[in-house]
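Inspection log for the structure reproduced underneath, given as structure tokens.
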2 protein chains.
Amino acid sequence: MKSFASSHFCQIMISIFAFMGLISPSFALDEIVMKQTFKISQYTTLGGQTIFDVKIGFETYGKLNADKSNVILITHYFSGNSHAAGKYAATDLSPGYWNQIIGPGQALDTSKYFIISSDTLVNINPKDPTVVTTGPLSINPKTKKTYGSDFPVVSYGDLVRVQKALLESLGITKLQAVAGPSAGSMQALQWAADFPQAVGKVIAVISPGLSMPALSVATLNGWSKPILRDLKWKQGRYSKGNEPTNGLADALQAVTVSAVDFAWADKNFGQKPADPSKMPLQDLNHQYLIESKLEEGALLRTKNADANSFLYMVRLNQAFNIEDKISSGMPPVLFISVKTDLLFPPELVDVAAQKIKAVGGKASVVKIEGIGGHLAGLTDIQKASDQIKDFLNKK
Amino acid sequence: MKSFASSHFCQIMISIFAFMGLISPSFALDEIVMKQTFKISQYTTLGGQTIFDVKIGFETYGKLNADKSNVILITHYFSGNSHAAGKYAATDLSPGYWNQIIGPGQALDTSKYFIISSDTLVNINPKDPTVVTTGPLSINPKTKKTYGSDFPVVSYGDLVRVQKALLESLGITKLQAVAGPSAGSMQALQWAADFPQAVGKVIAVISPGLSMPALSVATLNGWSKPILRDLKWKQGRYSKGNEPTNGLADALQAVTVSAVDFAWADKNFGQKPADPSKMPLQDLNHQYLIESKLEEGALLRTKNADANSFLYMVRLNQAFNIEDKISSGMPPVLFISVKTDLLFPPELVDVAAQKIKAVGGKASVVKIEGIGGHLAGLTDIQKASDQIKDFLNKK
């Protein structure tokens, strides 16, 4: 068991999220949880490359029943990790990201379900001590050095296959559901596409639908560009202490700008200057408050993040596509969108649901409101509690 | 008179716009037009700094009547210029950006109105031979060198005051209307706020409303960042032949990504690779088609653009705010939005119209559909023709 509640990094992350208004005071899973580690000696990617000493982290909430039939898998978002509920220590400032809907009697009911929240390959925050992942910053057992850009490009198909190996190591072969926000929704949908017999239901929150839209491919390319342009990136061959930190900070800032909405920005910053004695119309070097605060937050977040890992995570997101894998035999899908989501506007899942129905599958759509746009899929998820319960209870 | 139809730069610009599907074949003003230049010996900014030898370009369509009372001013968008209608030569591939609604019998009826389309200070494309502007790339008469970052930061208030001087040089003191898309809408609204007696009506197309939303302040900051990070930018003191071209290209690419919508990107690119023999999941260096094409387009556009000018234009946009200047005495405003505009979603002008009405002013909102999102405010403006006509005819 690891507990990082008092770690400096963890405090920084929490303070950034708290600053951004991302943390809700509600507390459903009033429990101390722990990060566990799953290891396999090797994994061969769908692209045919073998990675050795593969590990990913996971957390569990609730109890596994005797026949191992009460399992829900939770899959995390782009910059998240498997800490979906509870706290590592009572002194933690806030619980996992979906804590509002995970707990006894909650939408994801821990008195009924055994919930496994899983990390992924190429997590973008491999330096976060609570993250367990294998990716470009991992040591290549062959060379005893970090992989860097020698790490194989992985896809959502790879992410879910490593998760499947994790579940099989626990003797679990069938899931009641897979649920996740954003990149987590794509893992959930990939599970349904690749292993329809193993998945009972899919809850896809703030999802792009069945494939990455071309505009999002371009948006994600825009996130990556500051890293690619940073001279310290060196085609991915940077060394410790000499990382492309500026590029990474700009990339992380771009993610935040993509993931929020107009109301969130107006409420938290407005058009205020960073310093009232330095008005932005006096000098181009003067800043707006939203510029300086997002910059500050992004720079702090570079302490946990890794530039190459960011690029790998962008690429697998750009490549997401299960359009040709939907069928009448796939599990029912509940799409939950946020009305003001600018990254994945809710119209995208209307189209996805129509396509699933057109091939004889089952899909429904719920749209919630919430300040924060895309991020309201994390902060306001409790608004869809009843619909999640109904969906899970449906025969 | 200048004609640049055959210039290499102009062809490049046209081919990029044509590639992007931005150019419509419709041709309302079937006329050869010319760029004219307005000069004043000096202009003192609202910030108190004096610029000498100030010039901006303009074009006119239709005829000025005897009492100079039939004038409509058109103000251009962020990366545009005063070429709103007609062609410079019959061989031009396409006419000005709002040609669809400018011409005899059109919404902006040249058989009735004398239309002046004006350039602005700090145009981002000062190297485009059809652009006449004063900004960071202009020669400072004192030093005989380009201003660079010594150019004073200007505001929308300054842009419209130089336009006012242009109109006064033609003996025009009262406008039937000011109309413009995007940054042009902000000029139009600034006119109404600063000179309500001089403006009959305002047509604000793809507008953010009465001030720049905080999220857009951050988005525009994201556009600027690649320039600020480019080592060749040198705090704005770069020299000819050694410009921050990569940063400028990334900035221009970011503008395009912000200004289009999902349908446009899906239609033009989809999730296709740039090269089918180089699949993106094989290698991080492989690209998607939308990445390579937008990059290619942006790089071509750097030939006309200037990095410092881009930063100045971003800053004045970030600072746009007429919230405290609206009144019952202001001219009526017609807001025209595009339903899928992701840069300035149409909800923003609903709020603006409500605020104007709340102080006793007149405002109405029209929402059009069109593939292209924000850019449909240029390409699909003819869909609002009837509403524009009605609005202009209203007593």
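- The two residues B/Asp350 and B/Lys367 come nearest to each other via the heavy atoms OD2-NZ, 2.7 Å.
- Annotation: maximal heavy-atom pairing with chain B below 4.5 Å, among A/Val153, A/Thr219, A/Leu46, occurs at A/Val153.
- Judged by distance alone, the side chain of B/Tyr312 and the main-chain N or O of B/Pro152 form no donor-acceptor pair under 3.5 Å.
- Chain B forms more heavy-atom pairs under 4.5 Å with one residue of A/Leu284, A/Leu231, A/Asp261 than with any other, namely A/Leu284.
- Heavy-atom pairs under 4.5 Å with chain B peak, among A/Leu348, A/Asp230, A/Leu316, at A/Leu348.
- Taking A/Pro345, A/Pro213, A/Pro280 one by one and counting their heavy-atom pairs under 4.5 Å with chain B, the maximum is reached by A/Pro280.
- Using modelled atom types and a 3.5 Å distance limit, the side chains of A/Asn221 and B/Glu295 yield no donor-acceptor pair.
- Of all the listed residues (B/Ser216, B/Gly270, B/Ser224, B/Pro273), the one sharing the greatest number of non-hydrogen pairs under 4.5 Å with chain A is B/Gly270.
- Between B/His374 and B/Ser182, the side chains place a donor N or O and an acceptor N or O closer than 3.5 Å (distance only, hydrogens not considered).
- Side-chain atoms of A/Asn308 and A/Tyr147 form no donor-acceptor pair, as typed in the model, at a separation below 3.5 Å.
- Contact count versus chain B (heavy atoms, under 4.5 Å) is highest, among A/Gln253, A/Glu347, A/Gln318, for A/Gln318.
- Neither the backbone nor the side chain of A/Phe151 comes within less than 4.5 Å of any heavy atom of chain B.
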(request) Tell me, with the steps shown, if B/Thr120 and B/Asn123 meet side chain to side chain donor-acceptor pair (under 3.5 Å). (result) CA-CA 6 Å; B/Thr120 66; B/Asn123 187 299; 5.0 Å; no
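- Proximity to chain B (any heavy atom under 4.5 Å) is restricted, for A/Gln235, to the side chain, taken from C-beta onward.
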